[in-house]
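Just so we're on the same page: letters track the sequence lines, and every chain starts at 1.
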Amino acid sequence: GAGVSQSPSNKVTEKGKDVELRCDPISGHTALYWYRQSLGQGLEFLIYFQGNSAPDKSGLPSDRFSAERTGGSVSTLTIQRTQQEDSAVYLCASSARGNQPQHFGDGTRLSIL
Amino acid sequence: QKEVEQDPGPLSVPEGAIVSLNCTYSNSAFQYFMWYRQYSRKGPELLMYTYSSGNKEDGRFTAQVDKSSKYISLFIRDSQPSDSATYLCAMSGGTGFQKLVFGTGTRLLVSP
């Protein structure tokens, strides 16, 4: 597809379960970002991948959060032992390079019961 | 205090009005300034971006940056009902567009 693709679009799970969220960036984009958008809050930066460089994990809120990017393309954000405060929309963005504007997917709406 | 402040609205205007959306910020290191539009249950869509101070125009949209006042604006001329959305300002430091810092967004409602 032409844009950033995220799956699933919605996820409902029980507290304590692990979840995996997937992001397919725009083809050829070397930079990939994850953000979290909570109700009434702005987008909160989580993690940034640029090419083969070590990711910038400075925004991850706890060690329950991790992300990987395989083959410089698809990325997976994993949340272990989910808590109710993890409920939010998780947005992925990509850019042609780190110094180019970011383009967003439609997000995964995560609800923790 | 947040690095980027934005009035959440809602801002209600009649069709055809000129809309002014604004953000203030505290970090003088910000050099790149962006405006995104977000429709309900969709991801943010990049509208415009500027580097440093000045104005930029694209169709009905004009972005202004005043770094001396740490204040940025987005003007929408001849507003349309289809402009009804949440508008997010975002900014980043001198290394480029990484690690954007967002405002909370202003909800705009344009009535026919």
Check: Do other residues, nucleotides or ligands put more than 12 heavy atoms under 6.0 Å from A:Phe45 CZ?
Finding: yes
Notebook entry, point to check: Given that the side chain runs from C-beta out, which part of B:Glu45 has a heavy atom under 4.5 Å from chain A: side chain, backbone, both or neither?
Noted result: neither
Next item on the list: Using non-hydrogen atoms and a 4.5 Å limit, figure out which bit of A:Gln37 sits close to chain B: side chain, backbone, both or neither.
Entry: side chain
Margin query: Among A:Glu68, A:Arg64, A:Glu20, which residue satisfies the side chain to side chain contact (heavy atoms under 4.5 Å, CB included) criterion with A:Thr78?
Written below: A:Glu20
Checklist line | Listed partners of A:Arg81 passing side-chain hydrogen bond (donor to acceptor under 3.5 Å, both in side chains), at least two apart | finding: none
Checklist line | Nearest-0.5 Å distance, SG of residue B:Cys23 to CD of residue B:Gln6 | finding: 3.5 Å
Next item on the list: For A:Gln102 and A:Tyr35, run side-chain hydrogen bond (donor to acceptor under 3.5 Å, both in side chains): C-alpha distance rounded to whole Å, both residues' side-chain angles, the deciding distance at 0.1 Å, then the answer.
Entry: CA-CA 12 Å; A:Gln102 299 176 24; A:Tyr35 293 84; 2.9 Å; yes
Item checked: Portion of B:Tyr39 that has a non-hydrogen atom of chain A nearer than 4.5 angstrom -> neither
Item checked: Largest heavy-atom contact set with chain A, pairs under 4.5 Å, which of B:Leu46, B:Leu100, B:Val4 -> B:Leu100
Checklist line | Salt bridge flag under 4.0 Å for residues B:Lys56 and B:Asp58 | finding: no
Check: Given a strict heavy-atom distance threshold of 4.5 Å, which part of A:Ser9 is in contact with chain B: side chain, backbone, both, or neither?
Finding: neither
Checklist line | Region of B:Leu88 that comes under 4.5 Å of a non-hydrogen atom in chain A | finding: side chain
Next item on the list: Tell me, for B:Pro8 versus chain A, whether the close heavy atoms (under 4.5 Å) come from the side chain, the backbone, both or neither.
Entry: neither
Note to self: Please classify the contact of A:Leu43 with chain B as side chain, backbone, both or neither, using a heavy-atom distance under 4.5 Å.
What the structure shows: both
